[in-house]
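Worksheet for the structure shown next.
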There are 2 protein chains.
Amino acid sequence: MTRERTSNLYQGVPLEQRRAARRAALIRAAVAVYGERGYRAATVKSVCAAAGLTERYFYESFANSEALLVASYEAVIDAMLGEMRAAVVGAPAEARAPAVLRSYYAMLRREPEAARVFLVEIAGVSPAVDRVSGAALKAFGLLLDAAVNGADASPASPALLRAGVTGGVIHIALRWIAGGHAEPFDAVVEQAVRLCGTLKPAAT
Amino acid sequence: MTRERTSNLYQGVPLEQRRAARRAALIRAAVAVYGERGYRAATVKSVCAAAGLTERYFYESFANSEALLVASYEAVIDAMLGEMRAAVVGAPAEARAPAVLRSYYAMLRREPEAARVFLVEIAGVSPAVDRVSGAALKAFGLLLDAAVNGADASPASPALLRAGVTGGVIHIALRWIAGGHAEPFDAVVEQAVRLCGTLKPAAT
DNA sequence: AAATTCTGACAACGATCGTTGTCAAAAGCG
DNA sequence: CGCTTTTGACAACGATCGTTGTCAGAATTT
């Protein structure tokens, strides 16, 4: 009988927590590296280096390179959707559309590189990523619809139109960013609000 | 003195024409391979094989792999813009927006895989490609504006809004394709027309 | 017919990268 | 203190791919 270890502690921290911390560090590093060098130029080694960890811990938390991309994407999108939902509930009913869009473009302005990566480079990378980003787009569209039409009869607009408006809002952001944020913030929001007006039920 | 060749003919075809034919074959093959396997999975060798040529002729016509992508993209976009412009001039002034959109979605339905590649996978591949696709987006936006507002005072809509509507039209296509063309063609066009209505000058 | 060019198949090089494996030192536990 | 686990640095493997180079045979011209 050799002596067995009974606790998980290392430097006072249990195993599970250490793993979670490393995982979070890798995701944080991935977002940073993707933003700096672009997703395609980001390697597993470079992300590990940026996280101050080694490949060993990469494969402890992620099955492969793609899994990290998906996890990073979900982390970013969840944070963004959360902030936007907060903006919606924090605004009077008649000013909700501008409120969400303000919140959205403010976040993108805050971190333009990360925005570019997760709005553009993500697309078409792999079927798994496409699934996740498709779901995110859908959630974004529903949020916009709710902001414009109220959260009651939730999807008050046809799905295709919602997809169109959502894509439009994103493309406004992309052109804004591509132009180095030349246009004033309020003008960006204004055009996006106009676009989102299409979501109001047609006056048949 | 050794004997020198004075003509360029080979099998009755001059050199320049043979090279152009090979180049065209490579572009045609590239579009097909991109569509089948996706751009990222497409290798130089696979494109050459599909074209019935070898790497030797690849580097005769293109400096590198990226150059082929750009050339293919431009070929596809030029053809699409041409067809759409024809649709515009062939329609009565008040029905021009539906006419362009009809033409656009019809083309995408005709070749869904190629559409996916050049609408999605292209994005963020390289700065050079981004430049080209940015220009194509701009041209598409101007075409839509002209179809809605008439070709007189050309850009009757703000650039950001135009970018948004353009992106929206594309995203409608993407969702339509992702759903396997489930929605009827006319419904797709109808939603896109609604979206494009935003381009009409605001009734201030 | 002889010389030259064109063509196509394919090997080889070099670089990159994801993934796995090794190993020794540090840290914790009894 | 002995023993185990954890950690981190890094080598190595294997696969892929872009790009260049080789070479023999077919086509063409004089």
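In what follows, every chain begins at residue 1, and chains take the letters A, B, ... in the order their sequences are listed.
- Here the rule is side-chain hydrogen bond (donor to acceptor under 3.5 Å, both in side chains) with B:E60, and of B:R18, B:R22, B:R23 only B:R22 fits it.
- Atom NZ in B:K45 sits about 12 Å away from atom P in C:dC10, given to the nearest Å.
- Minimum heavy-atom separation, A:A91 to A:A99: CB-CB, 3.6 Å.
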Listing, residues 73-83 of chain A side-chain donor-acceptor contacts under 3.5 Å, not counting sequence neighbours, or none:
residue	atom	partner	partner atom	Å
A:E83	OE2	A:R110	NH2	2.9

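- When the C1' atom of C:dG18 is taken as reference, atom CG of A:L69 falls 15 Å away, rounded to whole Å.
- When heavy atoms are screened at a 4.0 angstrom cut-off, A:Y57 is found touching base atoms of the nucleic acid.
- Side-chain proximity of A:T43 to the nucleotides D:dC17, D:dA9, C:dC17 is greatest for C:dC17.
- Rounded to an integer number of Å, the gap from CG of A:L15 to C1' of D:dT7 is 12 Å.
- Comparing B:Q11 and B:N64 by the nucleotide of DNA chain D whose heavy atom lies nearest to each, the residue mapping closer to the 5' end is B:N64.
- Taking atom CZ of residue A:F58 and atom C1' of nucleotide C:dG21, one finds them 17 Å apart after rounding to whole Å.
- Neither OP1 nor OP2 of C:dC6 sits under 4.0 Å from any side-chain N or O of B:R56.
- Residue A:Y59 places no side-chain N or O under 4.0 Å from the OP1 or OP2 atom of C:dG18.
- Listed by first and then second residue, the side-chain hydrogen bond (donor to acceptor under 3.5 Å, both in side chains) pairs that reach into residues 174-188 of chain A are A:R102-A:D186, sequence neighbours excluded.
- In this structure, A:L9 places its CG atom 13 Å from C1' of D:dT6, rounding to the nearest Å.
- Of the two residues contacting DNA chain C, namely B:E55 and B:R18, the nearest-nucleotide position lying further toward the 5' end is that of B:R18.
- Spacing between atom CD of A:E60 and atom P of D:dG8 amounts to 10 Å, rounded to whole angstrom units.
- Straight-line distance from the CD atom of B:E66 to the P atom of D:dG18: 13 Å, rounded to whole Å.
- Across the protein-nucleic acid pair, A:F62 atom CZ and C:dG18 atom P stand 14 Å apart, rounded to whole Å.
- Taking the six-membered ring for Trp and thresholds of 30 and 60 degrees, A:Y104 and A:F140 have ring planes inclined between 30 and 60 degrees apart.
- B:R22 comes within 4.0 angstrom of sugar-phosphate atoms only, judged by non-hydrogen atoms across all strands, and of no base.
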